[in-house]
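These notes are about the structure you will find just below.
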There are 2 protein chains.
Amino acid sequence: MGRRNLHSRDELRELALSEAARLVDSGGMAALGMREVARRMGYTVGSLYMVCTNLDDLIVQVNERTVMQLRASLEAVAGRARQPARRLRLLCAAYLDFAQEHTQRWRMVFEHRLPPGQAAPPTYRGHTHAIFGLVASALRDAAPAREGSRSRDTPEELAVVLWSAVHGICMLAVTGKLGVSGTHASTRRMLDLLVDRFT
Amino acid sequence: MGRRNLHSRDELRELALSEAARLVDSGGMAALGMREVARRMGYTVGSLYMVCTNLDDLIVQVNERTVMQLRASLEAVAGRARQPARRLRLLCAAYLDFAQEHTQRWRMVFEHRLPPGQAAPPTYRGHTHAIFGLVASALRDAAPAREGSRSRDTPEELAVVLWSAVHGICMLAVTGKLGVSGTHASTRRMLDLLVDRFT
DNA sequence: TCGATAAATTGAACACTGATCAATAACGAT
DNA sequence: ATCGTTATTGATCAGTGTTCAATTTATCGA
(Lines give C-alpha, C1' and ligand atoms only; values in the text may rest on other atoms or scores of the structure.)
Protein backbone atom coordinates (compact mmCIF):
# COMPACT_ATOMS: atom_id res chain seq x y z
CA MET A 1 0.00 0.00 0.00
CA GLY A 2 0.98 3.59 0.23
CA ARG A 3 -0.47 6.51 2.02
CA ARG A 4 -3.89 5.79 3.48
CA ASN A 5 -4.49 8.47 6.10
CA LEU A 6 -6.91 6.24 7.94
CA HIS A 7 -5.60 7.44 11.26
CA SER A 8 -3.95 10.59 12.44
CA ARG A 9 -0.66 10.33 14.19
CA ASP A 10 -2.41 10.64 17.54
CA GLU A 11 -4.89 7.94 16.66
CA LEU A 12 -2.00 5.77 15.63
CA ARG A 13 -0.31 6.28 18.98
CA GLU A 14 -3.59 5.54 20.74
CA LEU A 15 -3.95 2.34 18.75
CA ALA A 16 -0.41 1.31 19.49
CA LEU A 17 -0.61 1.97 23.21
CA SER A 18 -3.94 0.26 23.71
CA GLU A 19 -2.95 -2.80 21.72
CA ALA A 20 0.36 -2.97 23.53
CA ALA A 21 -1.45 -2.75 26.86
CA ARG A 22 -3.87 -5.50 25.87
CA LEU A 23 -0.96 -7.66 24.82
CA VAL A 24 0.86 -7.18 28.11
CA ASP A 25 -2.28 -7.79 30.14
CA SER A 26 -2.87 -11.11 28.46
CA GLY A 27 0.63 -12.47 28.09
CA GLY A 28 2.93 -10.46 30.31
CA MET A 29 5.78 -8.19 29.37
CA ALA A 30 7.47 -10.99 27.43
CA ALA A 31 4.56 -11.17 25.01
CA LEU A 32 5.06 -7.58 23.93
CA GLY A 33 6.68 -7.56 20.50
CA MET A 34 6.85 -4.90 17.83
CA ARG A 35 5.61 -7.15 15.07
CA GLU A 36 2.69 -8.41 17.08
CA VAL A 37 1.58 -4.96 18.18
CA ALA A 38 1.79 -3.73 14.60
CA ARG A 39 -0.17 -6.74 13.36
CA ARG A 40 -2.97 -6.08 15.84
CA MET A 41 -3.07 -2.45 14.83
CA GLY A 42 -3.54 -3.45 11.24
CA TYR A 43 -0.22 -1.96 10.24
CA THR A 44 3.33 -3.15 9.78
CA VAL A 45 6.34 -2.54 11.95
CA GLY A 46 7.57 0.48 10.05
CA SER A 47 4.45 2.44 10.94
CA LEU A 48 4.74 1.52 14.58
CA TYR A 49 8.11 3.20 14.66
CA MET A 50 6.38 6.46 13.84
CA VAL A 51 4.94 6.71 17.37
CA CYS A 52 7.85 5.27 19.34
CA THR A 53 11.55 5.18 18.76
CA ASN A 54 12.07 1.88 20.47
CA LEU A 55 10.49 -1.10 22.09
CA ASP A 56 11.77 0.38 25.32
CA ASP A 57 10.13 3.66 24.47
CA LEU A 58 6.85 1.90 23.76
CA ILE A 59 7.05 0.21 27.14
CA VAL A 60 7.77 3.50 28.87
CA GLN A 61 4.73 5.07 27.24
CA VAL A 62 2.52 2.21 28.31
CA ASN A 63 3.92 2.46 31.82
CA GLU A 64 3.19 6.13 31.92
CA ARG A 65 -0.46 5.44 31.23
CA THR A 66 -0.58 2.71 33.81
CA VAL A 67 0.78 4.98 36.52
CA MET A 68 -1.70 7.67 35.52
CA GLN A 69 -4.54 5.19 35.78
CA LEU A 70 -3.30 3.99 39.15
CA ARG A 71 -3.13 7.52 40.45
CA ALA A 72 -6.68 8.16 39.28
CA SER A 73 -7.91 5.03 41.07
CA LEU A 74 -6.32 6.09 44.31
CA GLU A 75 -7.51 9.67 44.09
CA ALA A 76 -11.02 8.38 43.49
CA VAL A 77 -11.16 6.52 46.78
CA ALA A 78 -9.22 9.12 48.77
CA GLY A 79 -12.30 11.28 49.07
CA ARG A 80 -14.56 8.48 50.21
CA ALA A 81 -13.62 8.46 53.87
CA ARG A 82 -13.31 11.18 56.48
CA GLN A 83 -11.44 9.27 59.15
CA PRO A 84 -7.77 9.05 58.19
CA ALA A 85 -7.29 5.50 59.39
CA ARG A 86 -10.18 4.30 57.32
CA ARG A 87 -8.94 6.33 54.37
CA LEU A 88 -5.55 4.67 54.58
CA ARG A 89 -7.18 1.28 54.54
CA LEU A 90 -9.18 2.25 51.49
CA LEU A 91 -6.06 3.43 49.72
CA CYS A 92 -4.34 0.15 50.44
CA ALA A 93 -7.30 -1.84 49.23
CA ALA A 94 -7.46 0.22 46.05
CA TYR A 95 -3.76 -0.33 45.44
CA LEU A 96 -4.13 -4.05 45.90
CA ASP A 97 -7.19 -4.13 43.66
CA PHE A 98 -5.33 -2.34 40.93
CA ALA A 99 -2.35 -4.66 41.24
CA GLN A 100 -4.60 -7.69 40.98
CA GLU A 101 -6.73 -6.37 38.14
CA HIS A 102 -3.85 -5.17 36.00
CA THR A 103 -1.13 -7.40 37.33
CA GLN A 104 0.97 -7.61 34.20
CA ARG A 105 0.96 -3.95 33.37
CA TRP A 106 1.52 -3.05 37.00
CA ARG A 107 4.51 -5.37 37.23
CA MET A 108 5.94 -3.90 34.06
CA VAL A 109 6.05 -0.49 35.66
CA PHE A 110 8.42 -1.77 38.30
CA GLU A 111 10.29 -4.47 36.46
CA HIS A 112 11.14 -2.89 33.18
CA ARG A 113 14.71 -1.71 32.90
CA LEU A 114 15.93 0.77 30.39
CA PRO A 115 19.26 0.09 28.73
CA PRO A 116 22.18 1.24 30.85
CA GLY A 117 23.28 4.83 30.66
CA GLN A 118 20.17 5.95 28.86
CA ALA A 119 16.98 7.08 30.46
CA ALA A 120 16.29 9.21 33.42
CA PRO A 121 12.72 8.23 34.29
CA PRO A 122 10.05 10.27 32.60
CA THR A 123 6.97 12.16 33.58
CA TYR A 124 5.51 9.63 35.91
CA ARG A 125 7.65 10.82 38.77
CA GLY A 126 4.89 13.38 39.14
CA HIS A 127 2.21 10.75 39.52
CA THR A 128 4.28 8.85 42.03
CA HIS A 129 4.74 12.03 43.99
CA ALA A 130 1.01 12.69 43.97
CA ILE A 131 0.32 9.23 45.30
CA PHE A 132 2.76 9.69 48.15
CA GLY A 133 0.96 12.96 48.78
CA LEU A 134 -2.33 11.18 49.33
CA VAL A 135 -0.78 8.86 51.86
CA ALA A 136 1.13 11.61 53.62
CA SER A 137 -2.02 13.66 53.89
CA ALA A 138 -3.93 10.83 55.50
CA LEU A 139 -1.06 10.22 57.89
CA ARG A 140 -0.97 13.88 58.79
CA ASP A 141 -4.66 13.82 59.61
CA ALA A 142 -4.09 10.74 61.71
CA ALA A 143 -1.17 12.32 63.55
CA PRO A 144 -3.09 13.74 66.51
CA ALA A 145 -4.33 10.28 67.34
CA ARG A 146 -0.82 9.02 67.99
CA GLU A 147 0.97 12.11 69.17
CA GLY A 148 3.55 12.06 71.87
CA SER A 149 5.38 8.80 71.56
CA ARG A 150 7.04 9.05 68.15
CA SER A 151 6.22 12.48 66.87
CA ARG A 152 9.75 12.86 65.52
CA ASP A 153 8.91 11.16 62.24
CA THR A 154 7.36 13.44 59.67
CA PRO A 155 4.25 12.32 57.78
CA GLU A 156 6.24 12.48 54.53
CA GLU A 157 8.81 10.04 55.84
CA LEU A 158 6.12 7.81 57.22
CA ALA A 159 4.28 7.92 53.91
CA VAL A 160 7.30 6.68 51.99
CA VAL A 161 7.89 3.89 54.48
CA LEU A 162 4.26 2.83 54.69
CA TRP A 163 3.67 2.94 50.98
CA SER A 164 6.84 1.07 50.12
CA ALA A 165 5.73 -1.53 52.58
CA VAL A 166 2.29 -1.73 51.02
CA HIS A 167 3.93 -2.07 47.65
CA GLY A 168 6.13 -4.90 48.82
CA ILE A 169 3.22 -6.84 50.23
CA CYS A 170 1.17 -6.40 47.07
CA MET A 171 4.08 -7.34 44.85
CA LEU A 172 4.97 -10.51 46.69
CA ALA A 173 1.31 -11.45 46.93
CA VAL A 174 0.59 -10.83 43.28
CA THR A 175 3.66 -12.67 42.04
CA GLY A 176 2.93 -15.58 44.31
CA LYS A 177 6.26 -15.41 46.10
CA LEU A 178 4.64 -15.47 49.51
CA GLY A 179 4.22 -19.20 49.50
CA VAL A 180 0.83 -20.76 49.86
CA SER A 181 -1.69 -18.20 51.04
CA GLY A 182 -2.19 -15.97 48.06
CA THR A 183 -5.86 -15.19 48.49
CA HIS A 184 -7.14 -11.70 48.12
CA ALA A 185 -8.67 -11.78 51.58
CA SER A 186 -5.49 -12.79 53.36
CA THR A 187 -3.49 -10.14 51.57
CA ARG A 188 -6.03 -7.55 52.53
CA ARG A 189 -5.76 -8.65 56.13
CA MET A 190 -2.01 -8.17 55.96
CA LEU A 191 -2.41 -4.67 54.65
CA ASP A 192 -4.81 -3.81 57.45
CA LEU A 193 -2.41 -5.30 59.93
CA LEU A 194 0.30 -3.07 58.53
CA VAL A 195 -1.78 0.09 58.52
CA ASP A 196 -2.83 -0.55 62.10
CA ARG A 197 0.78 -0.12 63.12
CA PHE A 198 0.96 3.25 61.47
CA THR A 199 -2.17 4.87 62.90
CA MET B 1 37.60 -30.19 18.99
CA GLY B 2 36.28 -33.35 20.45
CA ARG B 3 36.31 -34.87 23.85
CA ARG B 4 38.70 -33.08 26.19
CA ASN B 5 37.59 -33.97 29.68
CA LEU B 6 39.12 -30.82 31.09
CA HIS B 7 36.20 -30.43 33.45
CA SER B 8 33.82 -32.84 35.03
CA ARG B 9 30.14 -32.20 34.60
CA ASP B 10 29.99 -30.64 38.04
CA GLU B 11 32.91 -28.37 37.29
CA LEU B 12 31.20 -27.38 34.09
CA ARG B 13 28.04 -26.46 35.97
CA GLU B 14 30.09 -24.53 38.48
CA LEU B 15 31.80 -22.65 35.67
CA ALA B 16 28.50 -21.89 33.99
CA LEU B 17 26.78 -20.68 37.13
CA SER B 18 29.63 -18.50 38.31
CA GLU B 19 30.16 -16.91 34.90
CA ALA B 20 26.44 -16.36 34.54
CA ALA B 21 26.33 -14.73 37.96
CA ARG B 22 29.26 -12.47 37.10
CA LEU B 23 27.54 -11.49 33.89
CA VAL B 24 24.31 -10.61 35.64
CA ASP B 25 26.10 -8.69 38.36
CA SER B 26 27.85 -6.51 35.86
CA GLY B 27 25.21 -5.98 33.22
CA GLY B 28 21.88 -7.00 34.68
CA MET B 29 19.58 -9.81 33.69
CA ALA B 30 19.44 -8.53 30.11
CA ALA B 31 23.16 -9.11 29.67
CA LEU B 32 22.79 -12.82 30.36
CA GLY B 33 23.08 -14.67 27.06
CA MET B 34 23.87 -18.29 26.30
CA ARG B 35 26.57 -17.50 23.78
CA GLU B 36 28.27 -15.03 26.08
CA VAL B 37 28.24 -17.35 29.08
CA ALA B 38 29.66 -20.14 26.95
CA ARG B 39 32.33 -17.85 25.56
CA ARG B 40 33.46 -16.85 29.04
CA MET B 41 33.58 -20.47 30.10
CA GLY B 42 35.89 -21.25 27.22
CA TYR B 43 33.31 -23.47 25.59
CA THR B 44 30.62 -23.14 22.96
CA VAL B 45 26.88 -23.07 23.37
CA GLY B 46 26.38 -26.75 22.83
CA SER B 47 28.38 -27.62 25.92
CA LEU B 48 26.46 -25.15 28.02
CA TYR B 49 23.30 -27.06 27.24
CA MET B 50 24.78 -30.03 29.06
CA VAL B 51 24.24 -28.37 32.44
CA CYS B 52 20.96 -26.57 31.78
CA THR B 53 18.06 -27.27 29.50
CA ASN B 54 17.21 -23.64 28.92
CA LEU B 55 18.18 -20.07 29.46
CA ASP B 56 15.28 -20.01 31.90
CA ASP B 57 16.69 -23.04 33.63
CA LEU B 58 20.09 -21.39 33.88
CA ILE B 59 18.47 -18.35 35.44
CA VAL B 60 16.59 -20.48 37.92
CA GLN B 61 19.79 -22.21 38.96
CA VAL B 62 21.56 -18.89 39.46
CA ASN B 63 18.59 -17.65 41.46
CA GLU B 64 18.70 -20.71 43.64
CA ARG B 65 22.27 -19.92 44.59
CA THR B 66 21.46 -16.31 45.24
CA VAL B 67 18.67 -17.20 47.63
CA MET B 68 20.93 -19.65 49.38
CA GLN B 69 23.59 -17.01 49.78
CA LEU B 70 21.02 -14.53 51.09
CA ARG B 71 19.77 -17.00 53.63
CA ALA B 72 23.32 -17.63 54.80
CA SER B 73 23.92 -13.90 55.22
CA LEU B 74 20.80 -13.50 57.33
CA GLU B 75 21.47 -16.55 59.45
CA ALA B 76 24.96 -15.25 60.10
CA VAL B 77 23.71 -12.05 61.70
CA ALA B 78 20.73 -13.63 63.45
CA GLY B 79 22.96 -14.94 66.19
CA ARG B 80 24.70 -11.67 66.78
CA ALA B 81 22.10 -10.04 69.01
CA ARG B 82 20.20 -11.19 72.06
CA GLN B 83 17.54 -8.53 72.18
CA PRO B 84 14.88 -9.31 69.61
CA ALA B 85 14.35 -5.69 68.56
CA ARG B 86 18.01 -5.26 67.87
CA ARG B 87 18.11 -8.60 66.08
CA LEU B 88 15.31 -7.50 63.79
CA ARG B 89 17.18 -4.35 62.94
CA LEU B 90 20.28 -6.36 62.16
CA LEU B 91 18.29 -8.66 59.90
CA CYS B 92 16.89 -5.69 58.02
CA ALA B 93 20.30 -4.13 57.63
CA ALA B 94 21.71 -7.41 56.36
CA TYR B 95 18.90 -7.74 53.85
CA LEU B 96 19.49 -4.23 52.60
CA ASP B 97 23.22 -4.80 52.41
CA PHE B 98 22.72 -7.91 50.36
CA ALA B 99 20.31 -6.13 48.03
CA GLN B 100 22.78 -3.34 47.50
CA GLU B 101 25.82 -5.52 47.09
CA HIS B 102 24.23 -7.97 44.69
CA THR B 103 21.54 -5.77 43.26
CA GLN B 104 21.28 -7.35 39.84
CA ARG B 105 21.22 -10.94 40.99
CA TRP B 106 18.85 -10.08 43.79
CA ARG B 107 16.45 -8.37 41.41
CA MET B 108 16.59 -11.33 39.08
CA VAL B 109 15.26 -13.56 41.84
CA PHE B 110 12.08 -11.52 42.01
CA GLU B 111 11.74 -10.30 38.46
CA HIS B 112 12.40 -13.35 36.39
CA ARG B 113 9.29 -14.98 35.01
CA LEU B 114 9.16 -18.49 33.77
CA PRO B 115 7.19 -19.17 30.60
CA PRO B 116 3.47 -19.55 31.30
CA GLY B 117 2.16 -22.91 32.32
CA GLN B 118 5.58 -24.32 33.04
CA ALA B 119 7.40 -24.11 36.26
CA ALA B 120 6.27 -24.47 39.80
CA PRO B 121 9.04 -22.71 41.70
CA PRO B 122 11.91 -24.93 42.74
CA THR B 123 13.82 -25.68 45.86
CA TYR B 124 14.28 -22.16 47.08
CA ARG B 125 10.89 -22.16 48.69
CA GLY B 126 12.71 -23.81 51.54
CA HIS B 127 15.20 -21.00 51.88
CA THR B 128 12.43 -18.43 51.78
CA HIS B 129 10.66 -20.32 54.51
CA ALA B 130 13.79 -20.40 56.63
CA ILE B 131 14.19 -16.66 56.28
CA PHE B 132 10.63 -16.06 57.41
CA GLY B 133 11.42 -18.33 60.29
CA LEU B 134 14.25 -16.09 61.46
CA VAL B 135 11.97 -13.10 61.44
CA ALA B 136 9.10 -14.88 63.11
CA SER B 137 11.41 -16.13 65.82
CA ALA B 138 12.63 -12.64 66.58
CA LEU B 139 9.07 -11.36 66.64
CA ARG B 140 8.08 -14.14 69.00
CA ASP B 141 10.86 -13.20 71.37
CA ALA B 142 9.75 -9.59 71.17
CA ALA B 143 6.14 -10.46 71.83
CA PRO B 144 6.16 -10.09 75.65
CA ALA B 145 7.28 -6.51 75.21
CA ARG B 146 4.13 -5.56 73.39
CA GLU B 147 1.58 -7.96 74.79
CA GLY B 148 -1.96 -6.97 75.48
CA SER B 149 -3.01 -4.54 72.82
CA ARG B 150 -2.74 -6.56 69.63
CA SER B 151 -1.88 -10.05 70.74
CA ARG B 152 -4.31 -11.48 68.23
CA ASP B 153 -1.77 -11.46 65.42
CA THR B 154 0.51 -14.46 65.39
CA PRO B 155 4.26 -13.97 64.98
CA GLU B 156 4.10 -15.90 61.71
CA GLU B 157 1.57 -13.51 60.24
CA LEU B 158 3.53 -10.55 61.50
CA ALA B 159 6.71 -11.97 60.04
CA VAL B 160 5.21 -12.19 56.57
CA VAL B 161 3.86 -8.68 56.78
CA LEU B 162 7.02 -7.17 58.20
CA TRP B 163 9.32 -8.95 55.83
CA SER B 164 7.27 -8.15 52.76
CA ALA B 165 7.38 -4.56 53.86
CA VAL B 166 11.14 -4.68 54.30
CA HIS B 167 11.41 -6.22 50.88
CA GLY B 168 9.32 -3.48 49.32
CA ILE B 169 11.40 -0.73 50.85
CA CYS B 170 14.65 -2.34 49.75
CA MET B 171 13.35 -2.98 46.25
CA LEU B 172 12.12 0.54 45.65
CA ALA B 173 15.27 1.97 47.19
CA VAL B 174 17.60 -0.20 45.15
CA THR B 175 15.81 0.39 41.87
CA GLY B 176 15.73 4.11 42.50
CA LYS B 177 11.95 4.34 42.29
CA LEU B 178 11.70 6.23 45.55
CA GLY B 179 12.56 9.52 43.95
CA VAL B 180 15.49 11.54 45.17
CA SER B 181 16.78 10.19 48.45
CA GLY B 182 18.38 6.91 47.55
CA THR B 183 21.20 6.91 50.05
CA HIS B 184 22.02 3.87 52.06
CA ALA B 185 21.66 5.80 55.29
CA SER B 186 18.18 7.09 54.58
CA THR B 187 16.97 3.66 53.54
CA ARG B 188 18.36 2.22 56.71
CA ARG B 189 16.50 4.84 58.68
CA MET B 190 13.29 3.85 56.97
CA LEU B 191 13.81 0.23 57.86
CA ASP B 192 14.40 1.14 61.50
CA LEU B 193 11.31 3.28 61.43
CA LEU B 194 9.36 0.31 60.15
CA VAL B 195 10.74 -2.15 62.65
CA ASP B 196 9.97 0.24 65.50
CA ARG B 197 6.29 -0.13 64.68
CA PHE B 198 6.50 -3.88 64.98
CA THR B 199 8.28 -4.20 68.30
C1' DT C 1 48.86 -52.57 21.53
C1' DC C 2 45.10 -51.98 18.85
C1' DG C 3 40.19 -51.37 17.87
C1' DA C 4 35.69 -50.46 19.01
C1' DT C 5 32.50 -48.16 21.68
C1' DA C 6 31.10 -44.30 24.14
C1' DA C 7 31.34 -39.63 25.47
C1' DA C 8 32.35 -34.73 24.91
C1' DT C 9 32.61 -30.78 21.93
C1' DT C 10 31.76 -28.20 18.08
C1' DG C 11 29.54 -25.02 14.86
C1' DA C 12 26.44 -24.66 11.13
C1' DA C 13 21.55 -24.27 10.72
C1' DC C 14 16.70 -22.76 12.05
C1' DA C 15 13.25 -19.85 13.60
C1' DC C 16 12.68 -16.09 15.84
C1' DT C 17 13.50 -10.99 17.51
C1' DG C 18 14.09 -5.53 17.14
C1' DA C 19 15.51 -2.14 14.01
C1' DT C 20 16.49 0.30 9.42
C1' DC C 21 15.50 2.40 5.13
C1' DA C 22 14.96 2.41 0.09
C1' DA C 23 10.97 1.88 -2.70
C1' DT C 24 6.23 2.69 -3.42
C1' DA C 25 1.55 4.27 -3.40
C1' DA C 26 -1.83 7.65 -2.41
C1' DC C 27 -3.18 12.09 -0.80
C1' DG C 28 -3.57 17.50 -1.23
C1' DA C 29 -2.61 21.47 -3.55
C1' DT C 30 -1.62 23.84 -7.62
C1' DA D 1 -3.58 16.61 -14.74
C1' DT D 2 0.65 17.17 -12.56
C1' DC D 3 3.76 17.49 -8.88
C1' DG D 4 5.58 17.35 -4.37
C1' DT D 5 4.82 15.47 0.01
C1' DT D 6 4.07 11.93 3.14
C1' DA D 7 2.30 7.67 4.95
C1' DT D 8 3.16 2.81 4.44
C1' DT D 9 5.38 -1.19 3.25
C1' DG D 10 8.45 -5.19 3.40
C1' DA D 11 12.91 -6.84 2.37
C1' DT D 12 17.08 -6.74 4.96
C1' DC D 13 20.50 -6.87 8.77
C1' DA D 14 22.36 -8.22 13.02
C1' DG D 15 21.29 -10.39 16.87
C1' DT D 16 19.00 -14.03 19.94
C1' DG D 17 17.97 -19.11 21.93
C1' DT D 18 17.94 -23.80 20.52
C1' DT D 19 18.97 -28.14 18.02
C1' DC D 20 21.71 -31.82 16.28
C1' DA D 21 24.68 -34.20 12.82
C1' DA D 22 29.47 -34.48 12.54
C1' DT D 23 33.94 -34.73 14.56
C1' DT D 24 37.44 -35.56 17.85
C1' DT D 25 39.03 -37.73 21.82
C1' DA D 26 39.08 -40.66 25.95
C1' DT D 27 38.15 -45.17 27.87
C1' DC D 28 37.96 -50.01 28.09
C1' DG D 29 38.14 -54.87 26.37
C1' DA D 30 40.73 -58.30 23.79
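In the text below, chain A, chain B and the rest are named by the order of the sequence lines, each starting its count at 1. Remember, predicted model here, so these are calculated numbers, not experimental data.
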- Can you tell me if Q100(A) uses its side chain to pair, donor with acceptor, with the backbone of D97(A) under 3.5 Å? no
- Under 4.0 angstrom, heavy atoms only, what part of the nucleic acid is Y43(B) near: base, sugar-phosphate, or nothing? sugar-phosphate
- Task: Round to the nearest Å and state the distance from R13(A) atom CZ to dA7(D) atom P.
- Result: 14 Å
- Task: Determine the interplanar angle of the W163(B) and Y95(B) rings, folded into 0 to 90°, and report it as parallel if under 30°, tilted if 30 to 60°, perpendicular if over 60°.
- Result: perpendicular
- Note on the structure: Whole-Å distance, Y49(B) OH to dT16(D) P, equals 12 Å
- Can you find a side chain N or O atom of R35(A) that sits less than 4.0 Å from OP1 or OP2 on dG10(D)? no
- Query: Rounding to a whole Å, what distance do you find between M34(B):CE and dT10(C):P?
  - Reply: 14 Å
- Task: Measure the distance from CG on L48(A) to C1' on dA7(D) and round it to the nearest whole Å.
- Result: 14 Å
- Task: Could you check how far CE of M41(B) sits from C1' of dA8(C), rounded to whole Å?
- Result: 13 Å
- Task: State whether N54(B) places a side-chain N or O below 4.0 Å from either non-bridging phosphate oxygen (OP1 or OP2) of dT18(D).
- Result: yes
- Below 4.0 Å: OP1/OP2 of dA26(C) and any side-chain N or O of N5(A): no
- Message: Just to be sure I understand the rule, does G33(A) reach a base, reach only the sugar-phosphate, or reach nothing, if contact means heavy atoms closer than 4.0 Å?
- Response: sugar-phosphate
- With respect to the phosphate group of dT10(C), does any side-chain polar atom (N or O) of R4(B) fall under 4.0 Å of OP1 or OP2? yes
- Query: Which whole-number value in Å describes the distance from L12(B) CG to dA7(C) P?
  - Reply: 16 Å
- How close or far is atom P of dA15(C) from atom CG of L55(B), stated in whole angstroms? 21 Å
- Message: Donor-acceptor pair, distance only, cut-off 3.5 Å: does the side chain of K177(B) make one with the backbone of V109(A)?
- Response: yes
- Message: Need to verify one output field. Residue with the more 5' nearest nucleotide on DNA chain D, L32(B) or R3(B)?
- Response: L32(B)
- Message: Using salt bridge (charged side-chain N to carboxylate O under 4.0 Å, His left out), reason through D196(B) and R89(B) one step at a time and then give a plain yes or no.
- Response: CA-CA 9 Å; D196(B) 278 349; R89(B) 268 194 290 273; 3.2 Å; yes
- Item | Nearest-Å distance for atom pair CE/C1', residues M29(B) and dG17(D) | 15 Å
